[in-house]
Amino acid sequence: MGFEGKTELCGLSFEELKAFVLSLGESAFRAEQLAAWIRQGAAIGEMTNLSKALRSKLEQVAYVNGVKIRESLTSKIDGTEKYLYELPDGNLIEGVRMRYRYGDTLCVSTQVGCRMGCKFCASTLDGCVRSLSAGEILGQVLAVNRRIQALTPGEYGIHNIVMMGSGEPLDNYDESVRFLRLVNAEKGLNISLRNVSLSTCGLVDKMYRLADEGLPVTLSVSLHAPNDDIRRQLMPVANAYGISDVLKACRYYIEKTGRRVIFEYALVGGVNCELSHADELAGLLRGMQCHVNVIPLNEVKERALKGVTKEQTESFIQRLEQRHISVTRRREMGDDIQGACGQLRRSRL
Ligand code: SAH
């Protein structure tokens with residue numbers, strides 16, 4: 001069954017679903033039934049409490065979720081799963097499911113590729129092909145939940161979501177925000193936004209907009225440098241916004257949402273990993289309600305940048321702790337399955 005010209009049901013709010021159902025000449029309570037199926041990512045053909053006639057009418061004009069898991073890899077080390085998804089137009093994106101004691105986290109993509117151009121990142125190597133619809137972002141969660149239900153019935157499914165896959169969510173602002181509302185909707189996935197993180201390279205004007213949406217999502221900011229000179233070497237976006245503007249927007253976000261901001265800091269050998277850099281970073285963040293996630297760089301073969309040793313990572317973290325900065329080392333998961341952004345997709349293109 002093709003997708004062309006059809007309505008993507010998982011991208012509709014409940015109100016929109018109701019309007020859609022009415023437009024087909026059906027009564028509004030069908031929307032309740034449909035919503036319950038959509039939440040499970042069921043195909044129209046499986047909706048057994050709808051008449052066959054209605055199902056075939058629906059199949060002609062709509063589909064539930066256009067995102068399909070085409071390939072999956074499971075880490076033997078920690079059970080992390082990596083997915084290659086296919087979109088209705090044949091584009092490929094990827095995602096990662098991380099297993100934690102307190103539930104599974106899914107990392108979702110928001111664009112096919114990315115146009116931010118960060119020097120260490122594999123997702124941006126061929127630029128941005130297109131942005132995803134809210135339904136395509138949500139569809140990743142639905143597809144994975146369905147896989148979990150099929151393989152291990154009764155398991156809870158995805159509990160936390162991080163918008164940290166390929167793409168810059170704030171460069172796809174409207175669909176990313178729409179996705180957040182769908183995730184949170186009572187008749188949708190009904191996941192608390194406290195369990196959702198949005199990661200940005202720091203598009204300052206959009207950070208202000210997000211702060212004003214009234215969505216208490218955790219904001220992660222990819223800082224990766226203690227000053228503008230170093231940041232410009234790693235991230236072209238630093239030419240558009242200085243660190244002081246990024247931090248000002250972060251303070252606004254903290255004030256509006258009451259939530260602490262997370263800073264991502266990837267250690268790049270010879271660039272940003274000296275103890276003096278840790279001191280400079282601590283100076284920047286002093287007194288801010290924030291947490292730093294230190295990530296040893298995941299080396300990407302197309303990129304010249306190098307990672308750092310375990311010892312360098314540990315001493316960088318220690319120095320931040322001495323300066324009273326709340327900090328953790330981000331666990332590297334799925335090292336054996338190309339866990340880092342964009343690597344699996346590239347190897348399959
Ligand atoms: N565009 C968003 C979200 C996607 S990237 C952002 O920039 O935040 C998710 C995180 O992974 C970011 O912190 C990004 O800087 C980091 N990242 C990308 N490639 C990496 C690599 N090779 N090693 C370590 N971290 C990387």
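Here, residue 1 is the first one in the sequence, and each next residue gets the next number. Both ligands and their constituent atoms are indexed starting at 1 by order of listing.
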Out of Glu213, Glu16, Glu8, which one pairs with Arg178 under the salt bridge (charged side-chain N to carboxylate O under 4.0 Å, His left out) rule?
-> Glu16
Which bit of Thr200 gets closer than 4.0 Å to ligand 1, counting heavy atoms only: side chain, backbone, both or neither?
-> backbone
Closest to atom 14 (C) of ligand 1 (judged by heavy-atom distance), picking from Glu299, Met163, Arg303, His224 | His224
Given Glu81 and Thr74, is the side-chain hydrogen bond (donor to acceptor under 3.5 Å, both in side chains) satisfied, shown in steps?
-> CA-CA 4 Å; Glu81 283 197 317; Thr74 306; 3.0 Å; yes
Side chain or backbone of Glu264 under 4.0 Å from ligand 1, or both, or neither, by non-hydrogen atoms?
-> side chain
In this structure, which one of Thr105, Thr80, Val141, Ile148 forms a side-chain contact (heavy atoms from CB on, under 4.5 Å) with Arg97?
-> Ile148
Could you list which atoms of ligand 1 come closer than 4.0 Å to a heavy atom of Gly167?
-> 1 (N), 2 (C), 3 (C), 4 (C)
For Pro169, is at least one N or O under 3.5 Å away from an N or O on ligand 1?
-> no
Would you call Glu168 and Lys206 a salt bridge, using N to O less than 4.0 angstrom?
-> no
Nearest option to atom 20 (C) of ligand 1, as decided by whichever heavy atom of Phe263, Tyr265, Phe120 sits closest | Phe120
Answer with yes or no whether Ser166 contacts ligand 1, where contact means a heavy atom under 4.0 Å from a ligand atom.
-> no
Per-atom contacts of ligand 1 with Cys121, taking only distances under 4.0 Å to non-hydrogen atoms = 18 (C), 19 (N)
Check each heavy atom of Val300 against ligand 1 and say whether those closer than 4.0 Å belong to the side chain, the backbone, both or neither.
-> side chain
Salt-bridge test for Glu155 and Arg99: reply yes if a basic N is under 4.0 Å from a carboxylate O, no otherwise.
-> yes
Enumerated ligand 1 atoms positioned under 4.0 Å from heavy atoms of Cys201 | 6 (C), 7 (O), 8 (O)
Partner residues of Phe120 under the ring-ring contact (aromatic ring centres under 6.0 Å, His included) criterion, sequence neighbours left out | His224
Under 3.5 Å side-chain donor-acceptor pair for Asn91 and Asp89 = yes
What are the atoms of ligand 1, with element, lying closer than 4.0 Å to any heavy atom of Glu168?
-> 1 (N), 2 (C), 6 (C), 7 (O)
Would you mind checking if Lys6 and Glu59 are paired as a salt bridge, meaning a charged N to carboxylate O distance below 4.0 Å?
-> no
Min heavy-atom dist Gly165 to ligand 1 below 4.0 Å = yes
